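First up is the structure itself, then whatever we jot down about it.
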Amino acid sequence: MRQRLDLDDCLDVAPRLAAGVDVSYHKESSRIVAAAVVIDLATGVEVESAVVPGQVSFPYVPGLLAFREVPILLTALGGLRHRPDVVVCDGYGIAHPRRFGLACHLGVLTGLPTFGVAKTPFVGAYDEPGARRGDWSALCEGDEVLGRVLRTQTDVKPVFVSVGHRTSLDLATTITLDLSPRYRLPEVIRRADFLSREALRRPPTP
DNA sequence: GCGACAG
DNA sequence: ATCTTGTCGC
(Lines give C-alpha, C1' and ligand atoms only; values in the text may rest on other atoms or scores of the structure.)
Protein backbone atom coordinates (compact mmCIF):
# COMPACT_ATOMS: atom_id res chain seq x y z
CA MET A 1 0.00 0.00 0.00
CA ARG A 2 1.35 3.38 -1.00
CA GLN A 3 2.30 5.73 1.77
CA ARG A 4 2.45 9.47 1.44
CA LEU A 5 4.21 11.99 3.59
CA ASP A 6 1.97 14.78 4.83
CA LEU A 7 4.79 17.13 3.97
CA ASP A 8 4.42 16.35 0.29
CA ASP A 9 0.65 16.53 0.15
CA CYS A 10 -1.18 19.40 -1.38
CA LEU A 11 -3.94 21.04 0.60
CA ASP A 12 -6.76 18.68 -0.36
CA VAL A 13 -9.42 19.43 2.22
CA ALA A 14 -11.66 22.46 1.95
CA PRO A 15 -9.69 25.25 3.61
CA ARG A 16 -11.64 27.24 6.18
CA LEU A 17 -9.24 29.91 7.26
CA ALA A 18 -7.20 31.97 4.81
CA ALA A 19 -4.50 34.39 5.95
CA GLY A 20 -3.03 37.23 3.97
CA VAL A 21 0.26 38.98 4.70
CA ASP A 22 1.90 42.22 3.64
CA VAL A 23 4.71 44.61 4.60
CA SER A 24 4.76 48.42 4.55
CA TYR A 25 7.96 50.48 4.44
CA HIS A 26 8.63 53.92 5.89
CA LYS A 27 9.86 56.37 3.31
CA GLU A 28 12.70 57.98 5.22
CA SER A 29 13.76 55.47 7.84
CA SER A 30 14.32 51.74 8.17
CA ARG A 31 11.04 51.23 10.00
CA ILE A 32 8.67 48.64 8.57
CA VAL A 33 5.43 47.03 9.71
CA ALA A 34 4.00 43.67 8.75
CA ALA A 35 0.41 42.51 9.11
CA ALA A 36 -1.30 39.14 8.90
CA VAL A 37 -5.06 38.95 8.55
CA VAL A 38 -7.23 35.84 8.84
CA ILE A 39 -10.58 35.55 7.09
CA ASP A 40 -13.14 32.72 7.25
CA LEU A 41 -13.54 31.62 3.63
CA ALA A 42 -17.07 30.38 4.24
CA THR A 43 -18.40 33.70 5.51
CA GLY A 44 -15.84 36.23 4.36
CA VAL A 45 -15.67 37.52 7.91
CA GLU A 46 -12.37 38.61 9.41
CA VAL A 47 -11.39 36.33 12.26
CA GLU A 48 -8.31 38.08 13.57
CA SER A 49 -5.20 40.04 12.67
CA ALA A 50 -1.68 40.61 13.93
CA VAL A 51 0.43 43.72 13.30
CA VAL A 52 4.14 43.82 14.13
CA PRO A 53 6.85 46.52 13.79
CA GLY A 54 10.36 45.88 12.55
CA GLN A 55 13.43 47.18 10.75
CA VAL A 56 14.63 46.70 7.20
CA SER A 57 17.41 44.12 7.24
CA PHE A 58 17.97 43.40 3.55
CA PRO A 59 17.81 45.57 0.42
CA TYR A 60 15.23 45.13 -2.29
CA VAL A 61 16.78 42.98 -4.99
CA PRO A 62 14.49 41.57 -7.69
CA GLY A 63 14.47 37.82 -7.14
CA LEU A 64 15.47 38.07 -3.50
CA LEU A 65 12.34 39.63 -2.03
CA ALA A 66 11.93 36.76 0.42
CA PHE A 67 15.15 37.68 2.21
CA ARG A 68 13.72 41.12 2.80
CA GLU A 69 10.19 40.23 3.88
CA VAL A 70 10.08 36.68 5.21
CA PRO A 71 11.65 37.46 8.61
CA ILE A 72 9.00 39.96 9.68
CA LEU A 73 6.25 37.95 7.99
CA LEU A 74 7.16 34.97 10.18
CA THR A 75 6.82 37.23 13.22
CA ALA A 76 3.43 38.48 12.05
CA LEU A 77 2.14 34.95 11.41
CA GLY A 78 3.47 33.93 14.80
CA GLY A 79 1.27 36.57 16.36
CA LEU A 80 -1.89 34.87 15.16
CA ARG A 81 -3.91 32.77 17.59
CA HIS A 82 -5.46 30.74 14.77
CA ARG A 83 -3.53 28.48 12.43
CA PRO A 84 -4.60 29.38 8.86
CA ASP A 85 -5.25 26.60 6.36
CA VAL A 86 -3.58 28.62 3.63
CA VAL A 87 -1.52 31.81 3.40
CA VAL A 88 -1.89 34.29 0.54
CA CYS A 89 1.30 36.21 -0.21
CA ASP A 90 1.80 39.55 -1.93
CA GLY A 91 4.21 38.46 -4.66
CA TYR A 92 5.22 35.27 -6.47
CA GLY A 93 5.54 31.56 -5.71
CA ILE A 94 7.24 29.39 -8.32
CA ALA A 95 6.83 31.97 -11.07
CA HIS A 96 10.30 33.17 -10.14
CA PRO A 97 13.71 33.24 -11.87
CA ARG A 98 14.84 30.36 -9.64
CA ARG A 99 11.32 28.94 -9.24
CA PHE A 100 11.36 29.84 -5.57
CA GLY A 101 9.70 33.13 -4.80
CA LEU A 102 8.47 34.64 -1.54
CA ALA A 103 5.43 32.37 -1.25
CA CYS A 104 7.59 29.22 -1.61
CA HIS A 105 10.06 30.50 0.94
CA LEU A 106 7.39 31.39 3.49
CA GLY A 107 5.65 28.07 2.93
CA VAL A 108 8.73 25.94 3.50
CA LEU A 109 9.65 27.83 6.67
CA THR A 110 6.16 27.59 8.18
CA GLY A 111 5.03 24.29 6.72
CA LEU A 112 1.79 26.02 5.76
CA PRO A 113 0.14 25.84 2.33
CA THR A 114 0.90 29.09 0.47
CA PHE A 115 0.56 30.75 -2.90
CA GLY A 116 1.30 34.15 -4.31
CA VAL A 117 -0.81 36.86 -5.91
CA ALA A 118 1.27 39.52 -7.65
CA LYS A 119 0.12 42.77 -9.20
CA THR A 120 2.68 43.09 -11.97
CA PRO A 121 4.48 40.66 -14.33
CA PHE A 122 7.87 39.32 -13.39
CA VAL A 123 8.88 36.22 -15.33
CA GLY A 124 7.08 34.19 -17.97
CA ALA A 125 5.01 34.95 -21.05
CA TYR A 126 1.22 35.01 -21.36
CA ASP A 127 -1.69 35.96 -23.52
CA GLU A 128 -4.12 38.57 -22.27
CA PRO A 129 -6.92 36.70 -20.48
CA GLY A 130 -10.61 37.25 -21.25
CA ALA A 131 -12.19 40.41 -19.89
CA ARG A 132 -14.62 38.78 -17.48
CA ARG A 133 -14.10 37.93 -13.83
CA GLY A 134 -12.81 34.35 -13.63
CA ASP A 135 -11.16 34.39 -17.04
CA TRP A 136 -7.49 33.41 -17.03
CA SER A 137 -4.55 32.47 -19.21
CA ALA A 138 -1.44 30.45 -18.49
CA LEU A 139 1.78 32.10 -17.40
CA CYS A 140 4.54 30.08 -19.08
CA GLU A 141 8.21 29.90 -19.84
CA GLY A 142 8.97 27.39 -22.55
CA ASP A 143 7.02 24.26 -21.74
CA GLU A 144 6.58 24.91 -18.05
CA VAL A 145 3.46 26.45 -16.59
CA LEU A 146 4.50 28.88 -13.88
CA GLY A 147 1.12 30.26 -12.90
CA ARG A 148 -1.99 32.03 -14.14
CA VAL A 149 -2.91 35.51 -15.18
CA LEU A 150 -6.31 35.81 -13.51
CA ARG A 151 -9.06 38.36 -13.99
CA THR A 152 -10.61 38.85 -10.54
CA GLN A 153 -12.96 41.63 -11.66
CA THR A 154 -14.52 42.20 -15.05
CA ASP A 155 -12.67 44.82 -17.10
CA VAL A 156 -10.01 45.25 -14.43
CA LYS A 157 -6.30 44.55 -14.83
CA PRO A 158 -5.56 40.88 -13.99
CA VAL A 159 -3.39 39.53 -11.15
CA PHE A 160 -0.64 36.89 -11.37
CA VAL A 161 -1.27 33.74 -9.34
CA SER A 162 1.39 31.12 -8.69
CA VAL A 163 1.74 28.16 -6.37
CA GLY A 164 3.93 28.52 -3.34
CA HIS A 165 3.90 25.47 -1.08
CA ARG A 166 1.49 22.52 -0.75
CA THR A 167 -1.22 24.04 -2.95
CA SER A 168 -2.44 23.43 -6.50
CA LEU A 169 -2.88 26.12 -9.11
CA ASP A 170 -6.59 25.31 -9.28
CA LEU A 171 -7.06 25.77 -5.56
CA ALA A 172 -5.02 28.96 -5.55
CA THR A 173 -7.21 30.27 -8.36
CA THR A 174 -10.44 29.37 -6.57
CA ILE A 175 -9.36 30.92 -3.29
CA THR A 176 -8.15 34.07 -5.01
CA LEU A 177 -11.54 34.50 -6.67
CA ASP A 178 -13.43 33.72 -3.45
CA LEU A 179 -11.39 36.32 -1.61
CA SER A 180 -11.93 38.95 -4.30
CA PRO A 181 -15.72 39.46 -4.46
CA ARG A 182 -15.51 43.21 -4.95
CA TYR A 183 -11.98 44.35 -5.63
CA ARG A 184 -9.02 43.35 -7.76
CA LEU A 185 -6.94 42.01 -4.88
CA PRO A 186 -7.89 39.33 -2.30
CA GLU A 187 -9.47 40.83 0.82
CA VAL A 188 -6.81 39.36 3.09
CA ILE A 189 -4.13 41.19 1.13
CA ARG A 190 -6.05 44.44 1.09
CA ARG A 191 -6.67 44.24 4.82
CA ALA A 192 -3.06 43.40 5.61
CA ASP A 193 -1.98 46.32 3.43
CA PHE A 194 -4.30 48.74 5.24
CA LEU A 195 -3.35 47.59 8.71
CA SER A 196 0.40 47.64 8.10
CA ARG A 197 0.28 51.01 6.42
CA GLU A 198 -1.84 52.52 9.15
CA ALA A 199 0.44 51.20 11.90
CA LEU A 200 3.47 52.58 10.07
CA ARG A 201 2.01 56.09 10.25
CA ARG A 202 1.82 55.82 14.03
CA PRO A 203 4.85 57.12 15.96
CA PRO A 204 7.48 54.46 16.79
CA THR A 205 7.13 52.61 20.10
CA PRO A 206 9.88 54.05 22.41
C1' DG B 1 27.26 44.83 -23.63
C1' DC B 2 22.42 46.79 -22.46
C1' DG B 3 17.94 46.89 -20.51
C1' DA B 4 14.45 44.63 -17.36
C1' DC B 5 13.48 43.45 -12.88
C1' DA B 6 7.71 40.70 -7.39
C1' DG B 7 7.73 44.54 -3.34
C1' DA C 1 7.58 49.67 -1.64
C1' DT C 2 6.66 55.13 -1.60
C1' DC C 3 5.52 59.78 -3.70
C1' DT C 4 2.09 62.21 -6.27
C1' DT C 5 -3.01 65.59 -8.72
C1' DG C 6 -6.48 65.13 -11.04
C1' DT C 7 -10.08 62.43 -13.03
C1' DC C 8 -13.83 59.24 -13.89
C1' DG C 9 -17.67 56.59 -11.98
C1' DC C 10 -20.99 54.51 -8.63
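Throughout, protein chains are lettered first and strands after them, A, B, ... in sequence-line order, and every chain is numbered starting at 1. None of these values were measured; they are calculated from a predicted model. No hydrogens, no waters, no symmetry mates; every other heavy atom, side chains included, goes into these values.
Taking 4.5 Å as the limit, every side-chain heavy atom of Val23(A) sits out of range of all side-chain heavy atoms of Ser196(A). Phe122(A) is not listed as a side-chain neighbour of Thr120(A), based on a closest heavy-atom distance of 4.5 Å or more.
Residue Val21(A) forms a side-chain contact (heavy atoms from CB on, under 4.5 Å) with just one option from Asp193(A), Val70(A), Val188(A), Leu106(A), and that option is Leu106(A).
With sequence neighbours left out, Arg68(A) forms a salt bridge (Lys or Arg N to Asp or Glu O under 4.0 Å) with no residue at all. Qualifying side-chain contact (heavy atoms from CB on, under 4.5 Å) partners for Thr174(A), counting only residues two or more places apart in sequence or in other chains: Asp178(A). In this structure Pro121(A) satisfies the side-chain contact (heavy atoms from CB on, under 4.5 Å) test together with Tyr126(A), Phe160(A), sequence neighbours excluded. Taking Phe67(A) as the reference, Phe58(A), His105(A) meet the ring-ring contact (aromatic ring centres under 6.0 Å, His included) condition, with sequence neighbours excluded. A search for side-chain contact (heavy atoms from CB on, under 4.5 Å) contacts involving Glu144(A) returns Arg99(A), Glu141(A), Leu146(A), not counting sequence neighbours. Taking Asp170(A) as the reference, Arg148(A) meet the salt bridge (Lys or Arg N to Asp or Glu O under 4.0 Å) condition, with sequence neighbours excluded. For Glu46(A), the side chain to side chain donor-acceptor pair (under 3.5 Å) test picks out Arg191(A), with sequence neighbours left out.
At whole-Å resolution of the value, CG in Leu73(A) and P in dG7(B) are 14 Å apart. In this structure, Ile189(A) places its CD1 atom 12 Å from C1' of dG7(B), rounding to the nearest Å.
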Original post:
Pairs counted as Watson-Crick or G-U wobble with both distances under 3.5 Å: what dot-bracket string results for DNA chain C, using | for bases tied to another strand?
Top reply: ..........

Original post:
Dot-bracket for DNA chain B, 5' to 3', with Watson-Crick and G-U pairs under 3.5 Å, [ ] for crossing pairs and | for other-strand pairs: what is it?
Top reply: .......

**OP:** Any chance you could lay out the side chain to side chain contact (heavy atoms under 4.5 Å, CB included) test for Thr167(A) and Thr114(A), step after step, and finish with the verdict?
**Re:** CA-CA 6 Å; Thr167(A) 56; Thr114(A) 64; 5.9 Å; no

Using a cut-off of under 3.5 Å, enumerate the N/O to N/O pairs linking the protein to nucleotides 2-8 of chain C.
unit_1: dT2(C); atom_1: OP1; unit_2: Tyr25(A); atom_2: N; d: 3.4

Show the distances under 3.5 angstrom between N or O atoms of the protein and N or O atoms of nucleotides 4-6 of chain B.
unit_1: dA6(B); atom_1: OP2; unit_2: Tyr60(A); atom_2: OH; d: 2.6
unit_1: dA6(B); atom_1: N7; unit_2: Gly63(A); atom_2: N; d: 3.1
unit_1: dA6(B); atom_1: N6; unit_2: Gly63(A); atom_2: O; d: 3.2
unit_1: dA6(B); atom_1: N6; unit_2: Leu65(A); atom_2: N; d: 3.2
unit_1: dA6(B); atom_1: N6; unit_2: His96(A); atom_2: NE2; d: 3.4
unit_1: dA6(B); atom_1: N1; unit_2: Leu102(A); atom_2: N; d: 3.1
unit_1: dA6(B); atom_1: N3; unit_2: Tyr92(A); atom_2: N; d: 3.1

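Remark: the Tyr60(A) side chain and the Glu69(A) side chain contain no N/O donor-acceptor pair separated by less than 3.5 Å.
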Cut-off 3.5 Å, no hydrogens considered: what does the side-chain donor-acceptor table look like for residues 71-84 of chain A, sequence neighbours left out?
unit_1: Thr75(A); atom_1: OG1; unit_2: Pro71(A); atom_2: O; d: 3.3

